[in-house]
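Basis for what follows: all heavy atoms, side chains included, without hydrogens, waters or symmetry-related copies.
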Amino acid sequence: MGPWQAAAFRGTWLLVLAGSCWAWAEPRLETGPRTVDFGARLNYREVECRFTLSNRGTTPLEISIKKASCGCTTQILSGNVVAPGESAEMLLAYKGKKGKTRSGPQSFSVDLATNDPGN
């Protein structure tokens, strides 16, 4: 291999390493579970569930609750900043209103805003 080819190979190798390090230096949100089935007869009942929000990236993950789909859904976030490799918990509670019956499948959601570029 001539000197030009060796230099080109070394340059490519360094470029690949630098590119890999650059792409990994960011927060990465991972959630579980993404959906919960509360079962039948949700009317007049209060139900709650917990979601785990993990940071699988290498920089702090910033989380804020943007909005819930309705006023009957409340949420509590255990922490707004999650360090790399750590997790936070979000408690969601649904409380049906007396006198208001719903029929058929229902769906409620909570939108989050994060600094994860992929989510």
Side-chain angles (χ1 to χ4, degrees):
M1 186 180 291
W4 181 81
Q5 291 170 332
F9 176 75
R10 274 190 238 113
T12 302
W13 182 255
L14 290 174
L15 182 61
V16 169
L17 284 178
S20 296
C21 293
W22 178 261
W24 188 250
E26 58 189 24
R28 196 175 63 164
L29 174 66
E30 210 172 85
T31 62
R34 293 188 70 90
T35 60
V36 174
D37 184 352
F38 288 127
R41 302 279 181 202
L42 200 53
N43 297 321
Y44 314 122
R45 259 188 349 159
E46 185 170 341
V47 291
E48 57 182 47
C49 61
R50 296 178 191 283
F51 291 87
T52 302
L53 308 172
S54 302
N55 182 2
R56 298 294 177 230
T58 57
T59 59
L61 174 68
E62 298 170 11
I63 305 170
S64 62
I65 296 172
K66 203 167 181 179
K67 69 174 186 168
S69 60
C70 70
C72 54
T73 305
T74 58
Q75 61 282 335
I76 300 171
L77 189 59
S78 68
N80 291 355
V81 177
V82 182
E86 298 294 320
S87 297
E89 188 174 78
M90 183 170 59
L91 172 67
L92 292 179
Y94 167 82
K95 186 172 185 177
K97 296 179 180 169
K98 292 225 182 234
K100 185 171 184 178
T101 53
R102 297 174 180 253
S103 61
Q106 304 296 311
S107 177
F108 308 98
S109 64
V110 174
D111 292 335
L112 300 176
T114 72
N115 63 336
D116 176 352
N119 284 313

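The line from CD of E62 to CG of N55 is 10.5 Å long, rounded to the nearest 0.5 Å. Atom OG of S54 is separated from atom CZ of R28 by 10.5 Å, given to the nearest 0.5 angstrom. One distance of note links CG of N80 with OG1 of T114; it measures 12.0 Å at 0.5 Å rounding.
Minimum heavy-atom separation, P27 to P117: O-CD, 3.9 Å. The heavy-atom pair separating G85 from R56 by the smallest distance is O-NH1, 4.1 Å. Nearest heavy-atom pair across E46 and A93 is OE2-CB, 4.4 Å. Here the shortest heavy-atom pairing between P60 and V81 reads CB-CG1, 3.9 Å.
Side chains of T31 and M90 form no contact here, defined as non-hydrogen atoms less than 4.5 Å apart.
Surrounding CD1 of I65 are more than 12 heavy atoms belonging to other residues, nucleotides or ligands, all under 6.0 Å away.
Not a single donor-acceptor pair under 3.5 Å links the side chain of D116 to the backbone N or O of I63.
Tracing side-chain contacts under 4.5 Å through hydrophobic residues (I, L, V, M, F, W, Y), one never reaches I76 starting from L53; they form parts of separate clusters. By the criterion of side-chain heavy atoms lying less than 4.5 angstrom apart, applied directly or through intervening Ile, Leu, Val, Met, Phe, Trp or Tyr residues, F51 is not grouped with L91; the two fall into different hydrophobic clusters.
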